[in-house]
Amino acid sequence: MHKTLAAVSAALIALSGTVYAQTTIITKDPAVTGSTTMELPGEVRTYVMEQTVPSVTYDGTLAVGTALPDTVEIHTIQDHPDYAYTVVNEQRVIVNPQTRMVIQVLE
């Protein structure tokens, strides 16, 4: 009887560890900047997606962390001075206006 009880207890302990190991993490529009993840305000993304600006051609790799050259015109977002945007190679990107670094490439 004790062996059966011990086996059942061991099985329950093993199962409880499995249940706790399954965690779901939900994020909203994360922007990865180096080793830091920041959440963009939803209205920033909406604003950028609604704007009509011409696309510029950029020969470099367009990725998060890329600093855009001064030849690429960026547009500020009036109510959100920490963000700017542009369209590069037909892709909308959100950039840091002070460093010109890409903080998110929008799909």
Side-chain angles (χ1 to χ4, degrees):
M1 178 73 170
H2 287 296
K3 288 182 182 178
T4 304
L5 185 57
V8 169
S9 295
L12 288 174
I13 290 171
L15 286 175
S16 67
T18 302
V19 170
Y20 288 117
Q22 297 176 357
T23 304
T24 301
I25 299 173
I26 299 172
T27 60
K28 296 180 191 174
D29 252 352
V32 179
T33 57
S35 61
T36 307
T37 300
M38 61 186 285
E39 190 171 314
L40 296 174
E43 58 269 18
V44 168
R45 178 184 171 87
T46 301
Y47 178 85
V48 171
M49 295 303 287
E50 291 174 346
Q51 300 310 301
T52 304
V53 296
S55 180
V56 297
T57 302
Y58 175 66
D59 291 331
T61 302
L62 184 62
V64 171
T66 301
L68 297 176
D70 292 335
T71 56
V72 175
E73 183 179 4
I74 62 172
H75 308 276
T76 57
I77 301 172
Q78 186 174 3
D79 293 336
H80 296 278
D82 293 335
Y83 303 104
Y85 72 96
T86 191
V87 179
V88 178
N89 300 338
E90 303 300 325
Q91 292 184 291
R92 294 174 186 274
V93 294
I94 297 176
V95 300
N96 178 318
Q98 285 78 32
T99 63
R100 303 182 63 82
M101 221 174 248
V102 174
I103 57 176
Q104 190 171 44
V105 179
L106 299 178
E107 299 291 326

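Heads up: numbering here begins at 1 and tracks the sequence. Everything numeric in this text was worked out from a predicted model, so none of it was measured.
Val95 and Leu62 fall within the same hydrophobic cluster, defined by Ile, Leu, Val, Met, Phe, Trp and Tyr side-chain heavy atoms under 4.5 Å apart, directly or through other members.
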Val44 and Tyr85: CA distance, side-chain angles, deciding distance, side-chain contact (heavy atoms from CB on, under 4.5 Å) verdict:
CA-CA 9 Å; Val44 168; Tyr85 72 96; over 6 Å; no
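Within the structure, the ring-ring contact (aromatic ring centres under 6.0 Å, His included) test picks out no pair touching residues 53-74 (sequence neighbours left out).
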Exercise answer: donor-acceptor pairs, residues 49-56 side-chain atoms, under 3.5 Å, sequence neighbours excluded:
unit_1 : atom_1 : unit_2 : atom_2 : d
Gln51  : NE2    : Tyr47  : O      : 3.2
Ser55  : OG     : Asn89  : N      : 3.3
Ser55  : OG     : Glu90  : N      : 2.7

Could you list the donor-acceptor pairs under 3.5 angstrom formed between side-chain atoms of residues 65-81 and any protein atom two or more places apart in sequence or on another chain?
unit_1 : atom_1 : unit_2 : atom_2 : d
Thr66  : OG1    : Thr61  : O      : 3.1
Thr66  : OG1    : Ala63  : N      : 3.2
Thr66  : OG1    : Ala63  : O      : 2.9
His80  : NE2    : Glu43  : OE2    : 3.4

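The two residues Val105 and Gln91 make their nearest non-hydrogen contact at CG1-NE2, 3.8 Å.
To the nearest 0.5 Å, the span separating CG on Leu106 from OG1 on Thr46 amounts to 10.0 Å.
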